[in-house]
Each structure stands twice: as structure tokens, then as C-alpha cells.
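No experiment lies behind these values; they were computed from the predicted model shown. Chain naming here is simple, since letters A, B, ... match the order of the sequence lines and numbering starts at 1 in each.
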Amino acid sequence: MADTVKNAARTLDQPQPWAELGLKEDEYLRIRDILGRRPTAAELAMYSVMWSEHCSYKSSKVHLRKFGELTQETPVGKMLAGIGENAGVIDVGQGYAVTFKVESHNHPSYVEPYQGAATGVGGIVRDILAMGARPVAVLDPLRFGPLDAPDTARVLPGVVAGVGGYGNCLGLPNVGGEVVFDPSYAGNPLVNALCVGVLRHEDLHLAKATGAGNLVILYGAATGGDGIGGVSVLASETFDAASDGSASGLGGPAKRPSVQVGDPFMEKLLIECTLEIFAARIVSGIQDLGGAGLSCATSELASAGDGGMHVNLDQVPLRDSTLSPEEILMSESQERMMAVVEPEHVEQFLRICAKWDVLATVIGEVTDGDRLTIDWHGETVVDVPPRTVAHDGPVYQRPYARPARQDRIQADGVDVLPRPVGGEELAATVLRLVASPNLCDKSWVTDQYDRYVRGNSVLAQPEDAGMLRIDPDTGLGVAVSTDGNGRFAYLDPYAGAQLSLAEAYRNVAVSGAQPVAITDCLNFGSPEDPDVMWQFSETVEGLVGGCRELGIPVTGGNVSFYNQTGETAILPTPVVGVLGVIDDVSHRTSVGFRRAGEEVFLLGDTRDELAGSVWADVVHAHLGGRPPVLDLDHERRLAELLVRGAGRGLFSSAHDLADGGLIQALVEASLRHGVGVRVDLGVADPFVALFSESTGRVVVSLPADRVPELIELAEAARVPVRRLGVTGDDVLEVEGQFTLPLSEIRAAWQAPIPAAMAAAGH
Amino acid sequence: MAPRIGVVTFPGSLDDHDALRAVGLCGAEPVSLWHGSDSVAGVDAVILPGGFSYGDYLRCGAIAAFAPVMTEVIAAAEAGMPVLGICNGFQVLCEAQLLPGALIRNERQTFVCRDQRLRVASVDTAWTSALTLGQEITLVLKNGEGRYVADADTLDRLEGEGRVVFRYLDNPNGSLSDIAGVCNRRGNVVGLMPHPEHNVEALTSPSLDGRALFESVLDFLTARV
Amino acid sequence: MARVVVDVMPKPEILDPQGKAVTGALDRLGFSGLTVRQGKRFEVEVDGEVTAARLAEIRDAAEKLLANTVIETFDVRLDQA
Amino acid sequence: MARVVVDVMPKPEILDPQGKAVTGALDRLGFSGLTVRQGKRFEVEVDGEVTAARLAEIRDAAEKLLANTVIETFDVRLDQA
Ligand SMILES: Nc1ncnc2c1ncn2[C@@H]1O[C@H](COP(=O)(O)OP(=O)(O)O)[C@@H](O)[C@H]1O
Ligand SMILES: [Mg+2]
């Protein structure tokens, strides 16, 4: 017998398992207060899952609000939907809009790497689809423990196969991402996924249930017992204890989230079916089902609308007939969507679903009142004000404070670390760094992703940004890059966030696109740790300040807390995705030197900035000091120069400098097409010139006769410019220091990941 | 009037879109065909595109081989109409037994996406006449199950009859005899794992070598008229 | 409800990349002297009784769809369990 | 040489997209009333005799490598054939 509303009103004092569901006592009391009685089991399930950290953002909300103070305009147009929607949407001109968002699926990917990563891609794609857009590309910023750690050999291949298995099967080109290794991610891999979608302005859809009498249709996969309780558990404080407990066979009841299995084929049908439904203009509101499943979709749709909603849970198609109503409400079965449809369009809606072999069922309707009511076997099991479930969850002002250790970390600089001296030592350092996990070739990963499907990938990995053609006639396109540097963020979270922002911004500009907006995924340890909360708060401040100075909005994002093993949190890891717009994709710039005999220039200044660098990490296993100094005004002017230059077809190549500094950029630009380079560092300290990670720098190559144009543009933009040398031959030569054959560099650069994976049998 | 070339969309087809574009760019009229239809709408040639029809569940191409439209495609192929199977389409043609052999999991167990060098091994087909024998070309390759296998007799027969159409230059998946594509006895039905439809535009492709396949069939169709 | 099991295995003369990979992985894990071939197992729940005719029908389905007889062999049997 | 068979199946409560697709295809081909779940079958050739200890070892291998026990169940047995 289900626990009905009537029953609840009669048995006010019946004890309830609110603590097991992750609620705090005061939260439970608030639910009783809202309802004026105890919640039914189904209501308790809904509140607990919707008020979890993952769904309610209860620890981050007060900070994230600051994003709302930023401009809601981009440099090229309006934001058509912003934070709070499934994903932000921006006007990119010519009647087109673009939506993009990054999300995390960290914990599930640790438990079951393949399915965790696969369903992570599936989830973000549905968010994009729900805005009315056709998903057109994905990017996957990934972070793992050390490359040679045994668990990395389990997690990495599974995650990569999962990202590829799902994304490839959907026909979405993968056009970028990151692969980063650090010991802090050993028990907490970060699997973030970004999806980009394109729509016409008039196709924008919002998640709201309006118009009494309109019908609520659930369509897509049948509902099973997948991930029941997943949402509250996966992002709650119990995760660590639970997974440790079950792994070692100790401890109480295993609270490990039951794993969700993805069906990308179903999702592909869901995409095509949904787009056809949009084109027929027969939906008045739509929502994807992600975390918290039906609990989330019904309460969010209803609270965004102008009335209430009534649902008959008996109508929900089940894969497992033994599920209880609260389990149905919490199930996170994948590949489902919910639409609100006017009665006269229902038949056509169902016909389109049938064409695509997609199961669709009317499960309820929009009502006049302001309640969300749900029936089961003829009795009411849920009767709540939907807003209280979806939006009026708890909000915490978590204590935060700058950790005492921060001064120590910053004081522990790199000046005392021995540096290589002379050509031979420098050359040896180059070979060592290119063969380090964070700088080496990532094609073992990226070759498992389809980057060609749909025929619009103008740039993809290993370029600095992915670029997609949107309109084949005008050449309008967008570029996207994601970046994050947890090491810099550890040294100074405020600066670290801005450095990640600046890097992604620069990567987009390097491709020739004008950066216009960001999305972000904030991966942190426990919000209950004041040190972590301070890192978080500084990060948000950093992003807000950075975006304000660059004049671009935050369109949305995601927060992932509790990424920690025991007491040890991961490096604070804000991943920033920047979107750019380019009027004509044929003007794109790519990273590789194209032909011999071209002039090579460095834009931006180099300082002695090696704290947090790859060199300090690889050679000295050192992390301390202060990160590079950032000048956002310079970044803006640099971007302007790059976009302008690209528009005139000035550059043969352009590549931003980031991890590994100048030498790494030269290595990558040379290896791309096998065209070497000879550079003269002048009077600069060669070690600093080659390995410093000063920000705001780009290497460009161009034909000799166009150098005056570059100088003129650089002067106008007040960007320092310095000639480095000339392209050619199959060597990388630093005059007066060393000459390395590209073949030798390439061999060292390509080896690490294949070797590590082969050793583990992959 | 330009020849009409149909591209079948199965549930889970992905490169249908690209194949239609390639057909148009190369001068034919693209026609979209639906898997559930029982006609091929009077087209002059058919392409079975890449993708993951039915999720590639069971075996790649196995379920799609039984789609209603395939009855017509098989009949037309047997009557001499040019049919090209690309990647998943090649797998469908093998499962439908229009082409011999089968495609199994890559030797290196992972999906592989790369720019693949190939050698043209036969120009006596409806889809390769615009290429030259022995020519080296580069096409996009992307699949998880692209390893061509057949029993020894079948391989001998294919070699003897000159029915190997493309060979890999650096075999990416362990295909027997480096086979990347084969044809039927008549040469009107060709299947290959690489994706010529991704190599038709400079903006998005590492080469334009894919065009020759579409130009070949245009020659074939216009010559016949 | 009755259950029929269909086992599908790669023909002995056909390469079995998955089996080979598993064999290698087992060896690296220290499980030596094991050679693996990997195939598929289908558990078919049958509505109603499994008569000889019904079993023949399932054999037909296996030949047509579940196995690709160019590269695989199959076996159909009533599940004893 | 002795042979041990390891059957690996998706757990009943876990979604089986493959089985779902096969079930649909069989139905379209006119084989109705059949519901399929798809798993894997490993045929393990064992060097030497299959003692109880050897079987336990293979069970261990199955648990570690052949099955993903987060989403799959497995069964190990000596092949009677
Ligand atoms: N997980 C991934 N998925 C797709 N592309 C990736 C991934 N990791 C790295 N890449 C791509 O590889 C290239 C090099 O990566 P990275 O060295 O991190 O670049 P950068 O330092 O310029 O951001 C970029 O094009 C990046 O988008
Ligand atoms: Mg970069």
C-alpha cells in the first residue's frame, strides 16, 4: 500500500527516514511546515532529492548569484536565456542562436567509468536539446590520477570509451576538451562534458507548463530502477563512506548509487524525434529528465508555469513493474523527456514519436490550481506547492575562511629550484617535458572520438579551439574551448579562475573567433570544509571580476562538490568553456606552421613566472609560489588583434602559450604538419624565455611580406610583439642553445599514453 | 537532368546528412530515402551511409539489413543499379549478403578516427572509375568494427576476380589482406569502411579524394543514359 | 515463462579479437594457461509453451538474425534451470 | 583439453539496450512473443586438469575481468560437452 496524503494526515507522528535520504533535521521540519503535515513517502523522496546539494545548489547559490550581476548582453548580441534555464542561449546573428553548457559526471564515472561518462554525455545533450536546439558538438574536459597509477588504467580507458561510445553513436563531433593528470584526482576523476547546440531564434523553448488543460507527455525510454537515490547520494557527504564501505565489504548498507546504463541509440532517436516535434510547432513547454528524474521535471515545469499540474503515475511506462511510486519519482532512467502539449496537438505528437519508434504516454495535465498532485492506484500520494520542491530548497551560508596554509604555499616559491643551464641541459629538459603526461600527445584519447560527423567541424583537436560551421551559405560559425588549471587555482583560487578564463578566451580568439560568453563547471572538495568553501568563493569572485572586465556574460554552468578522498580535496578545478563567434569560418586560423620560410612572432610579454608551471611539477614535483600575473585588458586587446588579423587572412598559424610555455607551443606548432622552426631568443634568459608560463601570449607565423601589417595591428592594439625566427626544416633550433630533430621530439611526445595503456593491456 | 542518388536513413544513421551534401556538391540530385519505405523512389543509385544503425546492437548492420527498404535496394542492386555502402552501410551490405565477408571488432579494441591512407585496387566499378589504379588517396576512417574478415576461399575469389577495391596502406584494424573495400562481381555494388563523403570540402577535410567516388558514379550514370 | 538460450560463438577459423584481448589480459593478471574465445549469449523468454515447433522457430530466428553464419556458429536449447 | 564456460549477463534490474533492440527486430521479422536479454559467453580452454581449485581461480578471473559486477552477473561451469 502506498503512503497516501490521506494516510499522512492521519499518521502525523509516524517516524520517517529523512536522515537516510540525506536530509538534515531542520530541512525535514521545514517540509512538514510547508505541508502542514508530515510528507508522504513519495513527497519525502521528491523533497530529499530536489533539496540535495546536486539539485538545489544549496551551498553554492549565494555565491553563484553574483553571476547574475554581470551583463546579460554579449559583444555580438543578446542573451536569449540565461542562468536558471537548462542552458544559456545567445544570439549569434543572422537569426541564429547558440546554446552551450558544461556539466560534471564525476562520481558516477569513478564507480563505473564507461557508463558514468556515457550517461554524462547523454545528460548534457538532453539539456541542450530541451532548449529547442539541435546538438552539434561535444567537448570533454577530463582529469585523472597519475598516468601510471593502476586505477588510472581502469578509469581512463573506460571514461574515454564511454565518452566516445555515446557521443559517436549520437553523431556529435567531439571537437575539444582536456586530458589532465594529477595525484589529487586519483580517487576523484573529473569527467566534465560540454555540448553545443544551434537553433533559430523562433525555435527557443523554455521549460514551463502553462495553459490549464494542456497535456503532460512523458516520452523516450521506459522507467526502470536506475540510479534510484543516485542524485542525493552521489553528491552527498555519504558518498565516500559508502563507496569505501562497499569496496572493502565493510560498513552498513551500501549506498553506492545504483549505476545507470545509457542507450545512445535511444537518445539519437529522441533527438531526431524531438527536433521534428519542434519543427511542427506543437510543444508549449519541454524539459529533459536528468538528475532527480520525474521529481525534477514535474516540479520544475509546474513551478515555471502559470498553474498547477496533475500526474497519474500509473501511466508511466515501467521496465520493472515492482517499482513503488517513490521509486518511480526518483528513478534516473536515461533518455527520457517531458513535454507539455495542447490537446489538439497530442495526436500529431504521438504520431511523430511513433515514426521514430519512441514510446510516448500522456501522464497528466496542467491544472488551474497552484498544486502539483500525483496519483497512484487511484489515490493521491503527492500534493505540494511545486515551487517549494523545485526552488525553495535550503540555502546555506557555509562558513569560509582563507586557510592558514595559503601564506605558506605562496611563500614557497620556485626561486630556490635549480634550473637547467646551457644548451644541453635545456634540450634534455625539453625532451623530458614533452614526454610528461600533461604535455604529451593526447591522440590515444582523441582518436577514439569522431570529429568529422555532420561535416561542419572546421577545427577540432588538437587545435586550440573547436570550430563549427553553422550556416553553409554565409560561413557563420562558432568556436569553443575549455580550460582549467587546478595548480594555479590551488596557489591562488581567484587568480586561478581568471587564468583559466583567460586561457579559454585566448584559445577562442586564436582561432579567429570573437569570444562572447562563458559556461563553467566548478569542481571542488567538500563545501563543509571552510578552506574549500573559501576556494569556491574566491573562484566565483574571480570569474565574475574576469567576465566583467572582458565584457562577457556567464550563461550557465554546473557545480560539483565533495570531490575528495577522506579529508583531502582535489585541486580546486574551475573548468571554463568560452564560446566565440566568427562571421566566416573560412577565415579561421589553426595552430600548425604551414610552410617553410615564414616569419614567426611572439605576441605578449614574458616574465620569470614558473610557480605552478609544468616544469616545476615534472622536474621538481613542486607546487608553491604565486601564479602568473594576469592583465585582462591586455587579453582583450590581444584577442582583438587576433580576430582582426584572422579576418584579413594575415596569419598562417596562431597558437596560444599555456602549459609548458613557449617551447611547448613551438613543439606543437612544428609537429602539427612537420614544419620546424629556428628561433633566436636574443638577450633573454633562455630558460625563462622557453619555460615560463606567463599568460597573454601567442605565437603566430605569417608570410614575410605581411609582417608590416602585423606590426601595425600590434601597435594599434598596444600588444608587445617580438620576432622569434623563421619556419623550416625538420628541426627545432634555439640559436646558440640546441637543435633537436622533430622526429626525436615527436617520438618522445607520442609515447607516454600509448605506453601506459599498453602496459595495462589496452 | 542530373542523376538522382538516394541516401537511406536508418534509425541511428549519422552520416546520411553528409552523404546527401556530398552527392549535391558533386553534381547529382540528392534524394533522402526512409528505411521504412518499400520503394527507392525511382533513384538511379543508392548510398547506405555511415552511422550506428540500431545502435550497432547485436552486430553492426545486422538489424538494418532487414529494413523494409532493403528489399528494394537488394533487388535494384541485383539488377545492376550502383549501390555504395559506407562504413555502417558496408556492414549492412555484408549482412544482407550483397557483398561477401564480414566486419568485426578492430584488432586494437577501440574506436579509431583518423585520416587513412589507401591504395586504389580496382577502377572497374561504378564508384571508382574516376580514380587510377594504384593511386594513393586519403579518406577519413572512423569505426570500432572495421576489421574485414572472410574465409580463405572467399579471399582467394576476391583477389582472383579483382574485387578488392581499396587497401589500407598502414592497416589500422587488422583487416585481412589490408582490405578496406570490396565490390560484387558486376562492380555495381561497392562497400568500404572509410568515408568518402567526409572528403569533399577543403574547409572540413584533410583531402578532397572522396569526390572521385561520386564523380565516378555520375560518369557511370550519364554514360548509360 | 519458459526460457530458451541461444549461444553464438565465432567460428574456430575466424579471428576473435575480443577473445584474444581477454586471453592476454588474463595472463597479465596472473591467470595463466587459459585461452578464451568470446561469443554471445541470448536468453529468450518465450510467451507460452516451448513446443518443438516453437523451438524450431527460434532456431530459424537465430540463423536469420542472432548469428551471422558467415563468421559464427550457434546453438539453441531449452534452459534447464 | 578441458573447457570451462563463463556466462555473463546484464543484471535483471539494469537496462539492456542490446536485448531491447534485438527484441524489437525479432518482432519486426515476425518472430513475436520473444523477449531477449543479451549477454556474453566465454569459452575458456584450460591447460591441464580442471580441479576444484582451478575452477575457483577461473571464478576469480570472471569476477575480476570477464564480468563487470557493478552491472553484470556471471556463472562459471565446467562444459559437459
Ligand atoms: N578529452 C579531450 N577531448 C577532446 N579533445 C581534447 C581532449 N583533451 C585534449 N583535447 C584537445 O587536444 C588539444 C590539446 O589539448 P591541450 O594541450 O589541453 O590544449 P591547450 O593547452 O591549448 O588547451 C586541444 O585541441 C584540445 O581541445
Ligand atoms: Mg590552448
So, do [X] and [Y] sit near enough that their side-chain heavy atoms are less than 4.5 Å apart?
{"X": "A:Ser457", "Y": "B:Thr204", "value": "no"}
{"X": "A:Cys169", "Y": "B:Phe111", "value": "no"}
{"X": "B:Asp15", "Y": "A:Arg454", "value": "no"}

Euclidean distance, [Y] [atom2] relative to [X] [atom1], rounded to 0.5 Å:
{"X": "B:Asp115", "Y": "A:Tyr452", "atom1": "CG", "atom2": "OH", "answer": "3.5 Å"}
{"X": "A:Met757", "Y": "B:Thr110", "atom1": "CE", "atom2": "OG1", "answer": "12.0 Å"}
{"X": "B:Cys113", "Y": "A:Gln461", "atom1": "SG", "atom2": "CD", "answer": "8.0 Å"}

Closest approach of [X] to [Y] (non-hydrogen atoms, all atoms of both residues):
{"X": "A:Arg469", "Y": "B:Arg21", "answer": "NH2-NH1, 3.2 Å"}
{"X": "A:Gly455", "Y": "B:Glu201", "answer": "O-OE1, 4.2 Å"}
{"X": "A:Val453", "Y": "B:His198", "answer": "CA-CE1, 3.9 Å"}
{"X": "B:Arg108", "Y": "A:Gln448", "answer": "NH2-NE2, 3.9 Å"}
{"X": "B:Gly55", "Y": "A:Phe265", "answer": "N-CD1, 3.2 Å"}
{"X": "A:Asn168", "Y": "B:Leu14", "answer": "O-CD1, 3.0 Å"}

Check A:Asp450 with B:Lys142, please: is the shortest side-chain N to carboxylate O separation under 4.0 Å?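 Yes, B:Lys142 and A:Asp450 are salt-bridged.
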
Measuring heavy-atom distances to chain B, does A:Val585 have an atom under 4.5 Å in its side chain, in its backbone, in both, or in neither? both

Does any backbone or side-chain atom of A:Leu459 lie under 4.5 Å from a heavy atom of chain B? Answer side chain, backbone, both or neither.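 Neither the backbone nor the side chain of A:Leu459 comes within 4.5 Å of chain B.
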
Count the heavy-atom pairs under 4.5 Å between each of B:Asp18, B:Asp56, B:Asp16 and chain A, then report the option with the highest count.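 Counting heavy-atom pairs under 4.5 Å, the top option is B:Asp18.
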
If one checks every heavy atom of B:Ala22 against chain A at 4.5 Å, the contacting part turns out to be neither

Taking it one step at a time, do A:Asp357 and B:Tyr54 satisfy side chain to side chain donor-acceptor pair (under 3.5 Å)? CA-CA 11 Å; A:Asp357 242 330; B:Tyr54 292 95; 5.7 Å; no

